[in-house]
2 protein chains.
Amino acid sequence: MEPTATVLDLNQLRRSCSSCALQELCLPAGIGADDLNRLDATVKDKRMLDRGAVLYRDGDKFNALYVVRSGSLKTFVQNESGNMQILAFHLPGEIIGFDALASNQHVSHAEALERSSICELPYTQLQQVTSEVPALHRQLMRVISREVVEEHRHLMMMGRQQAQEQLATFLRSLSDRYQRLQRDGTALNLSMSRYDIANYLGLVVETVSRLFSRMEEMGVLEVNRKSVRILRPDLLAGLCRTDVASKQKGVG
Amino acid sequence: MEPTATVLDLNQLRRSCSSCALQELCLPAGIGADDLNRLDATVKDKRMLDRGAVLYRDGDKFNALYVVRSGSLKTFVQNESGNMQILAFHLPGEIIGFDALASNQHVSHAEALERSSICELPYTQLQQVTSEVPALHRQLMRVISREVVEEHRHLMMMGRQQAQEQLATFLRSLSDRYQRLQRDGTALNLSMSRYDIANYLGLVVETVSRLFSRMEEMGVLEVNRKSVRILRPDLLAGLCRTDVASKQKGVG
DNA sequence: GGTGCCAGTTGACCTCCGTCAATTGGTCGC
DNA sequence: GCGACCAATTGACGGAGGTCAACTGGCACC
């Protein structure tokens, strides 16, 4: 609105890794000050994405990895029949684009869920730095590994949990990640639509809508469109578990 | 059986990366002869696993990555309520253990589906080599990225496909991987049980069993316990797609 | 300030797949 | 070669969640 806001924004955008609040969540975690400056030099560009803007799409040539600085994104794949599957929602500090390492081109899409700011790490330069800074190399591997582990959780959720358990697990995971960002973990402001949540969980939107209503009736949540307050974290935690004896699916 | 067989086996086990038939599918892909020898030196041990033997389990300290040399393994996660979700089946040339990079300990289990031979890559030594051989470093990143992409496919399958489409997709994917191993892609010898297949797909064993029967009736497959022949690859391919217009799940 | 549009909610209905139970057949140990 | 056991198959049934339809309420755009 007023010009000062824009100026502040630009200042924020130009801040270096060493002064970034996300430092401990991002690639720099555990990197010494000297090496941090070298990494900082590779961060080419800190750009803004409007809601709905595409960061990369399936087929795009691989140029860079991206760090979410503020806002949030979704990544998704589409198959030949046009079906879409959301892979993850990405909050500040998370790095995306690893899918493109395998074939030198992206095989998924990344789209902003709200106005978001992004750090771009051109890969050739990043490779240069990681080859000189072993700690950074290890850290980069750890970050990719985190993505693998996170996808394991997603698969477990989709394969073995009932709809209500899935939504409860999803909300708890969001809550945890909010807390890590020093935000209130009980007052969620969902940047994704009900459609996105449903798709992420392998459900349809009506089911998700009904589950939100049901959890509100149960006194677990207070739901007001995008704003969700967790009233009873204990009950929510209870909703995440399947009674293993009752389901063959569970035993394996 | 006869002693010569054992001797041959041991010889096979002791073969180096440079003479390994899996070279092009494995970490060495695209690595020069000199560097290959250096990699070869880090391959500590080529051990055998019997059917059901555990290579690593959740909580194990991270020591090494592992390459499947022959046979096959499954990897799976278990949650606090004891539910199990199979993440993948691993054929020769595939590298497993990346889940442990994030936290320095494994967060999944790996178990042999049949008698299998494994190459062990102790990670500290591997790191040494990759830091000296940039091409190997890049290749290692590509291999992890392949795992990420493969998990995307798994998520798409679980989230957006019907049971029959899932099984068809699974069989086609197995067939493709057999072909890459220079085997007949139409005569599959399933090393995993129906329970494993069901679990992998997020279904129950009865559903999988019925689907095999149905596909046999349709003339797509010829099923005889573990041995599955794909009679009509064209039909099988057709069974993989969802009609997108008919399903809200598909649109997103 | 109207209005058109889309996200979200709710209800009624139905289907796909999970559950339970019975049976078959292969394999392993003795 | 016999029995025990478990993987796999098949049938009958039920329910969780998908489908279709109607409705509501925000919000953006004239």
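Predicted model only: the values in this text are computed from it and were never measured. Throughout, protein chains are lettered first and strands after them, A, B, ... in sequence-line order, and every chain is numbered starting at 1.
Atom CG in Leu211(A) sits roughly 13 Å away from atom C1' in dT9(C) (whole-Å rounding). Taking atom CD of Gln161(B) as the reference point, atom C1' of dC16(C) lies 15 Å away to the nearest angstrom. In this structure, Asn224(A) atom CG and dG8(C) atom C1' are separated by 12 Å, rounded to whole Å. Atom CZ in Arg214(B) sits roughly 9 Å away from atom C1' in dC16(C) (whole-Å rounding). To the nearest angstrom, C1' of dC16(C) lies 15 Å from CG of Leu167(B). Here dG11(C) presents its C1' atom at 14 Å from CD of Glu217(A), a figure rounded to the nearest Å. Look at OH on Tyr195(B): it is 7 Å from P on dA8(D), rounded to the nearest Å. The interatomic distance linking Phe212(B) (CZ) with dG25(C) (C1') rounds to 17 Å, in whole Å.
Of the options Asn199(A), Leu87(A), Ile86(A), a side chain to side chain contact (heavy atoms under 4.5 Å, CB included) to Lys74(A) is made by Ile86(A) and by none of the others. Screening His154(B), Glu150(B), His152(B) against Glu151(A) for a side chain to side chain contact (heavy atoms under 4.5 Å, CB included) leaves a single residue, His152(B).
The phosphate of dG26(D) (OP1 or OP2) has no side-chain N or O of Arg225(A) nearer than 4.0 angstrom. OP1 or OP2 of dG18(D) has at least one side-chain nitrogen or oxygen of Thr207(A) nearer than 4.0 Å. For Lys226(B) and dG26(C), the shortest distance from a side-chain N or O to OP1 or OP2 is not below 4.0 Å. Taking side-chain N and O atoms only, Ser213(A) has a distance below 4.0 Å to OP1 or OP2 of dT10(C). Remark: Gln162(B) is not in phosphate contact with dC16(C), judged by side-chain N or O atoms under 4.0 Å from OP1 or OP2.
Heavy atoms of Arg210(B) sit under 4.0 angstrom from at least one base atom. Looking at heavy-atom distances under 4.0 Å, Ser209(A) makes contact with a base.
Checked against dG8(C), dT19(D), dA7(D), the side chain of Arg194(A) finds its nearest nucleotide in dG8(C). When distances are taken from the side chain of Leu203(B) to each of dG8(C), dA21(C), dG18(C), the shortest belongs to dG18(C).
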Audit row: Thr169(A), Gln161(A), side chain to side chain contact (heavy atoms under 4.5 Å, CB included) steps and yes/no: CA-CA 9 Å; Thr169(A) 306; Gln161(A) 291 191 296; 3.3 Å; yes
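By the 4.0 Å N-to-carboxylate-O rule, Arg57(B) lies too far from Glu111(B) to be salt-bridged with it. Using a 4.0 Å cut-off between charged nitrogen and carboxylate oxygen, Arg241(A) and Glu165(A) do not count as a salt-bridge pair.
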